[in-house]
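Reckoned from all heavy atoms, side chains included, excluding hydrogens, waters and symmetry mates. Letters go in sequence order (proteins before strands), and every chain restarts at 1.
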Protein chains: 2
Amino acid sequence: MHATELPAEPPSKLPAGLRERKKRRTRDALVRSALELIARQGYEGTTVDEIAAAADVSQRTFFRYFANKEEVALSVQQMVESHFYAAVCARPAEEPPLTALRTAVLASWDTIGAAITAVVPLRLHVSMHRTIQETPQLLAAQLRRLAEQEDRLTLEIARREGLSPEDPRPRILVAAFSGVMREVGRRWGGLMESDMDTFRRHTAEYLDQIGPALAENWRS
Amino acid sequence: MHATELPAEPPSKLPAGLRERKKRRTRDALVRSALELIARQGYEGTTVDEIAAAADVSQRTFFRYFANKEEVALSVQQMVESHFYAAVCARPAEEPPLTALRTAVLASWDTIGAAITAVVPLRLHVSMHRTIQETPQLLAAQLRRLAEQEDRLTLEIARREGLSPEDPRPRILVAAFSGVMREVGRRWGGLMESDMDTFRRHTAEYLDQIGPALAENWRS
DNA sequence: GAGGTTAGTGTCAGTCGCTGCCAAATGACA
DNA sequence: TGTCATTTGGCAGCGACTGACACTAACCTC
């Protein structure tokens, strides 16, 4: 068994065997325990031993499910990202790229909540989101993940538009888009839940700035 | 003494005291030993003990100069980045932002070589550049550094243009620019030295794509 | 339903990154 | 030259992670 074998996705399709179900449960227990402990004690203040003990498995078993401590902390985040990527791939081919990305974000937000709650309570995910920004090591790992996501998105956009993978334009577009989304992510925490509709509108307005941001003269 | 006290810059101004000079020499020796060993054995295949031994200091002393193993591996990279940031700040205020960034890159390339060679031979820096892309942990740390650089650049651009720090446009511009520069960085390695002029032209052409990349229709 | 096969788990020992603590050495400066 | 502030080394210890091996439990025949 390798650490990255079991998908990060929620138990959408319940697996046949007892073995598989047991693994799913163990994995979810580890994620829940980890997020709970980290929310209470911080990332660096939480040891893998504690997480494993809270999920009632040995430390060695923890490392059979997650390659490292970062991975369990970012596992829900990872789920959100692949959720979004799937939404992008589902957009009709006639949509221009930026529109597809923008629509996919808003669409994926409609359904991601349920997928998260299937694994951990939402407050733990929100708390983790804050912790990631504040913990250098986690932030670094997260940025690497996002860079990989940018690569995937770039490829997908190039494919949709029938461009060569060498063409720089998809990459630039995705970089600008991701820059906006990272800023949006930063402002999350406080605003969401309280006023999700305002937040969605806010995001849309932000994305509308991508065009104007490249105009040569801003001082009007 | 704290780990981040001594600047990463080359010994441009030679310090007065013997103590300072000795610290500088120790630091440079650690960087050289580290890059040499990592080039030969890879990042994960090189232990801090080895680096310290090669520089003829104790492991404990290593950690007085660098907060962690990543920091010594990225120290030259960090020098290059602050070199570029300084070049941006030096651009005249009437230049439009994207022009300033673009000119600053090309200008900083003219002088960075000497600054690097003052610390390590160029081949070690090139080798390190490759290693960073290939080593997940290093890449993560590097991306976090670059994200901080993006923050600085965003602030500087907003300042130059007299915009509020809330305005999303500088951030988007910097994100697009950085996306291009990361792609350029990836293609470095092989092309440079062999044909630096072609490479510079290539980069300029890449940067010219930032405008067109946001046009709605690419399929012409 | 008893057999062997396969896969997941716990234990243990070990490496490596990194830190706190104290004592020894060394440049700075009167 | 003697004091003072810094820098250094050694040591002990923690936490993340890994390899090896033995044990147990699910699975798959016959």
Side-chain angles (χ1 to χ4, degrees), chain A residues 1-7 14-31 33-34 37-38 41-75 135-138 140-141, chain B residues 1-7 14-30 33-34 37-38 41-75 135-138 140-141 144:
Chain A
M1 174 180 173
H2 296 77
T4 46
E5 186 190 310
L6 211 59
L14 37 149
L18 168 63
R19 230 174 219 169
E20 291 299 313
R21 260 179 293 138
K22 219 169 179 177
K23 266 165 61 174
R24 172 101 270 153
R25 260 189 297 135
T26 306
R27 199 197 134 95
D28 289 354
L30 281 169
V31 173
S33 304
L37 284 165
I38 291 172
Q41 314 172 347
Y43 179 73
E44 280 146 354
T46 305
T47 69
V48 173
D49 282 298
E50 285 176 304
I51 298 172
D56 210 46
V57 296
S58 71
Q59 193 223 45
R60 195 67 186 82
T61 294
F62 173 93
F63 284 112
R64 288 197 178 98
Y65 281 88
F66 301 96
N68 44 51
K69 200 169 76 158
E70 290 153 18
E71 201 173 296
V72 68
L74 298 178
S75 61
T135 311
Q137 191 190 149
L138 274 185
Chain B
M1 175 182 171
H2 295 79
T4 46
E5 187 189 312
L6 213 59
L14 37 149
L18 167 62
R19 224 170 221 172
E20 292 300 312
R21 259 179 293 138
K22 213 169 183 180
K23 267 164 64 174
R24 172 103 270 153
R25 261 188 296 136
T26 306
R27 199 198 135 94
D28 289 352
L30 281 169
S33 305
L37 285 165
I38 291 172
Q41 316 172 344
Y43 178 74
E44 280 146 354
T46 305
T47 69
V48 173
D49 281 297
E50 286 176 304
I51 298 171
D56 210 47
V57 294
S58 72
Q59 192 223 46
R60 195 66 187 82
T61 294
F62 173 94
F63 283 111
R64 290 199 176 96
Y65 282 87
F66 301 96
N68 44 51
K69 200 168 76 157
E70 290 153 16
E71 201 174 296
V72 69
L74 299 177
S75 61
T135 311
Q137 191 190 149
L138 273 185
R144 212 201 73 216

Practice prompt. Give me the residues of residues 43-56 of chain A where at least one heavy atom lies under 4.0 Å from an atom of DNA chain C, by number, or none.
Written response: none
Item to complete: Write down the partner of D:dT1 under the Watson-Crick or G-U wobble criteria, each distance required to be under 3.5 Å.
Response: C:dA30
Worksheet entry | Pairing partner of C:dG3 (Watson-Crick or G-U wobble, both distances under 3.5 Å) | none
Fill in: B:Ile38 CD1 to B:Leu138 CG distance, which is reported to the nearest 0.5 Å
7.0 Å
In whole Å, I'd like the distance from the [atom1] atom of [X] to the [atom2] atom of [N].
| X | N | atom1 | atom2 | result |
| --- | --- | --- | --- | --- |
| A:Leu37 | D:dG15 | CG | C1' | 15 Å |
| A:Phe63 | D:dG15 | CZ | P | 12 Å |
| B:Gln137 | D:dC17 | CD | C1' | 12 Å |
| B:Glu70 | C:dC16 | CD | C1' | 14 Å |
| A:Phe62 | D:dG15 | CZ | P | 15 Å |
| B:Gln59 | C:dG17 | CD | P | 8 Å |
| A:Leu138 | D:dA16 | CG | C1' | 14 Å |

Practice prompt. Would you please test A:Glu71 and A:Tyr65 for side-chain contact (heavy atoms from CB on, under 4.5 Å) and show each step?
Written response: CA-CA 9 Å; A:Glu71 201 173 296; A:Tyr65 281 88; over 6 Å; no
Discussion item. Side chains of B:Arg24 and B:Arg27, heavy atoms from C-beta outward: is any pair under 4.5 Å?
Written reply: yes
Worksheet item: Would you find more than 12 non-hydrogen atoms of other residues, nucleotides or ligands less than 6.0 Å from A:Asp56 atom CG?
Response: no
May I ask you to evaluate whether [X] reaches the phosphate of [N], defined as a side-chain N or O under 4.0 Å from OP1 or OP2?
| X | N | result |
| --- | --- | --- |
| B:Ser58 | D:dT8 | no |
| B:Tyr65 | D:dT8 | yes |
| A:Lys69 | D:dC17 | no |

Worksheet item: Is a side-chain N or O of B:Tyr43 found less than 3.5 angstrom from the main chain of B:Glu70, in a donor-acceptor match?
Response: yes
Item to complete: Answer yes or no: is there a donor N or O on one side and an acceptor on the other, between the side chain of B:Glu50 and the main chain of B:Thr47, under 3.5 Å?
Response: yes
Worksheet item: From C:dC22, C:dG10, C:dT19, pick the nucleotide closest to the side chain of B:Arg64?
Response: C:dC22
Practice prompt. Determine, for nucleotides 24-30 of chain C in 5'-to-3' order, which nucleotides have protein heavy atoms under 4.0 Å from the base (write B), from only the sugar-phosphate (write S), or from neither (write -).
Written response: --BBS--
Item to complete: State, to 0.1 Å, how close A:Phe62 and A:Ile51 come at their nearest heavy-atom pair, and which atoms those are.
Response: CE1-CG2, 4.0 Å
Discussion item. If you apply the rule side-chain contact (heavy atoms from CB on, under 4.5 Å), what do you find for B:Phe66 with B:Val48, and how did you get there?
Written reply: CA-CA 11 Å; B:Phe66 301 96; B:Val48 173; over 6 Å; no
Worksheet entry | Earlier contact from the 5' end, DNA chain C, for A:Arg60 and B:Arg60 | A:Arg60
Discussion item. Set out, in order, the CA-CA distance, both residues' side-chain angles and the distance that settles side-chain contact (heavy atoms from CB on, under 4.5 Å) for B:Lys23 and B:Thr26, then state yes or no.
Written reply: CA-CA 5 Å; B:Lys23 267 164 64 174; B:Thr26 306; 5.6 Å; no
